Number of protein chains: 2
Amino acid sequence: MHPQHEHKDCIANALEQAISICEEKGVRFTRLRRSVLELVWENHGPIKAYDILKQLDSDIASVKPPTVYRALDFLLENGLVHRLNSLNAFVGCSHPEAHKDCYFLICTECGEAMECCSNDLVTAITKTGQKNDFRPAHVTLEITGECADCRGAI
Amino acid sequence: MHPQHEHKDCIANALEQAISICEEKGVRFTRLRRSVLELVWENHGPIKAYDILKQLDSDIASVKPPTVYRALDFLLENGLVHRLNSLNAFVGCSHPEAHKDCYFLICTECGEAMECCSNDLVTAITKTGQKNDFRPAHVTLEITGECADCRGAI
DNA sequence: CGTGTTATGTTATAATATAACAAAACAGGA
DNA sequence: TCCTGTTTTGTTATATTATAACATAACACG
Ligand SMILES: [Zn+2]
Ligand SMILES: [Zn+2]
Ligand SMILES: [Zn+2]
Ligand SMILES: [Zn+2]
């Protein structure tokens with residue numbers, strides 16, 4: 001995790017938003033789902049399902065894979081986390097209230113995944129869909145590379 | 001597979017290109033690697049490693065996973081196939097001689113994956129990297145949706 | 001040939017994910 | 001409160017995807 005970043009605030013903020021979103025939607029933000037979301041955020045970066053499993057397991061007794069995957073499915077459906085296909089990992093959504101077409105900059109050095117939006121990108125994707133007569137439903141855009149902090153950039 | 005498409009030509013063409021690329025690079029396009037590439041192309045669309053395994057298995061005797069994965073690794077390294085992270089599947093590169101920054105339009109109806117290039121997209125990605133002070137190394141861009149043929153478009 | 005290198009075979013196991021059914025927790029009305 | 005249907009969680013088993021580690025075979029080249 002990089003400096004100048006009060007990560008506790010991230011987590012608290014994410015949980016608050018999750019609570020309010022679930023309330024709005026009338027879906028249940030249960031203890032399990034909350035725990036999983038907390039773990040996702042505590043990790044501050046993409047986390048694997050089986051790592052969540054291990055960490056839950058130390059708390060409560062003997063958690064099994066379906067428990068974790070179901071919680072993750074719920075969080076995915078409600079836009080509270082994202083799945084990074086190139087890593088088989090999960091990461092908290094940094095703006096679940098307003099998530100639209102986002103993509104990820106994944107640093108191979110520190111492992112962090114920055115969630116970004118770009119109108120240019122959205123426009124380019126829309127255009128390319130039109131040009132190819134293709135109706136896009138879902139976009140996976142994951143860019144790996146090296147972040148500024150890890151390159152020692154100022 | 002959609003109409004007006006002589007797929008045999010695709011396969012033959014892909015093999016020819018593979019042979020010439022491997023020769024240029026001084027790497028060995030062995031019988032196994034050739035078989036795997038053929039299967040990838042025959043399928044005309046993303047194919048899973050274990051499906052390749054099954055199909056090889058019916059030909060030769062008892063093929064094991066590492067055999068397939070190693071051949072796929074070779075083909076990936078040499079740009080002859082691509083891996084679709086969102087599907088855990090592999091697809092032949094449609095222009096291995098000149099592949100640069102491509103992306104995929106994946107139809108959820110017919111399962112075909114069209115490989116496309118777009119300067120706008122590349123530009124947008126480059127820009128977003130610069131803006132975030134991020135040095136991109138590899139881009140995964142996979143767009144799922146419905147293709148023209150499957151929508152019954154003219 | 002002989003020899004080092006690259007490729008393939010083989011066994012075992014790791015890592016990721018889901019199916020199917022049972023028990024429990026919960027919600028909302030009688 | 002209690003009943004009842006629904007949703008969530010627990011549990012067992014298994015499917016799917018991928019790699020480690022070591023043995024053998026094929027090849028390249030002097
Ligand atoms: Zn998001
Ligand atoms: Zn970094
Ligand atoms: Zn390509
Ligand atoms: Zn289609």
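Just so we're on the same page: letters track the sequence lines, and every chain starts at 1. Since the model is a prediction, treat every value here as computed from it, not as a measurement.
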**Parallel, tilted or perpendicular: rings of H99(B) and H82(B) (30°, 60°)** = tilted

**Request:** Look only at the side chain of T144(B) and the backbone of A137(A), and say whether a donor-acceptor pair between them is shorter than 3.5 Å.
**Result:** no

**Nearest-angstrom distance from the residue atom CG of L84(B) to P of dT17(D)** = 13 Å

**Asked** Quick one: L32(B) CG to dT10(C) P, roughly how many Å, whole number?
**Response** 12 Å

**Request:** Starting from P on dT18(C), measure out to NZ on K64(A) and report it in whole angstrom.
**Result:** 18 Å

**Prompt:** Whole-Å distance between dA15(C) P and Y69(A) OH?
**Reply:** 12 Å

**Prompt:** For L87(B) and R28(B), take the nucleotide of DNA chain D holding the closest heavy atom to each; which residue's nucleotide lies nearer the 5' end?
**Reply:** L87(B)

**Message:** Below the 4.0 Å mark, does dT11(D) have OP1 or OP2 next to a side-chain nitrogen or oxygen of S62(A)?
**Reply:** no

**Message:** Rounded to whole Å, please give me the gap between CD1 in I47(B) and C1' in dT17(D).
**Reply:** 14 Å

**Request:** Would you please confirm or rule out a distance under 4.0 Å between OP1 or OP2 of dG9(C) and any side-chain N or O of T67(B)?
**Result:** yes

**Prompt:** Quick one: D73(B) CG to dA20(D) P, roughly how many Å, whole number?
**Reply:** 10 Å

**Complete:** When rounded to whole Å, the CG to P distance for the pair D51(B) and dT17(D) reads 8 Å

**Request:** Examine dA7(C): is either OP1 or OP2 under 4.0 Å from a nitrogen or oxygen in the side chain of R33(B)? Give yes or no.
**Result:** yes

**Message:** Nearest to the side chain of Y50(A), heavy atoms from C-beta on, is which of dT16(C), dT17(D), dT11(D)?
**Reply:** dT16(C)

**Item:** Nearest-Å distance for atom pair CZ/P, residues F29(A) and dT9(D)
**Value:** 11 Å

**Request:** Using only side-chain N and O atoms of K48(A), determine if any of them is under 4.0 Å from OP1 or OP2 of dT16(C).
**Result:** yes

**Prompt:** Side chains of K48(B) and L53(B): closer than 4.5 Å at any heavy-atom pair?
**Reply:** no

**Nucleotide nearest R70(B) (side chain, heavy atoms from C-beta), chosen from dT10(C), dT8(D), dT11(D)** = dT10(C)

**Message:** I'd like to know if K54(A) and D51(A) make a salt bridge, using a cut-off of under 4.0 Å between side-chain N and carboxylate O.
**Reply:** yes

**5′-ward residue of the pair P65(A)/F74(B) relative to DNA chain C** = F74(B)

**Message:** Angle between ring planes, Y50(B) versus Y69(B), binned at 30° and 60°: parallel, tilted or perpendicular?
**Reply:** perpendicular

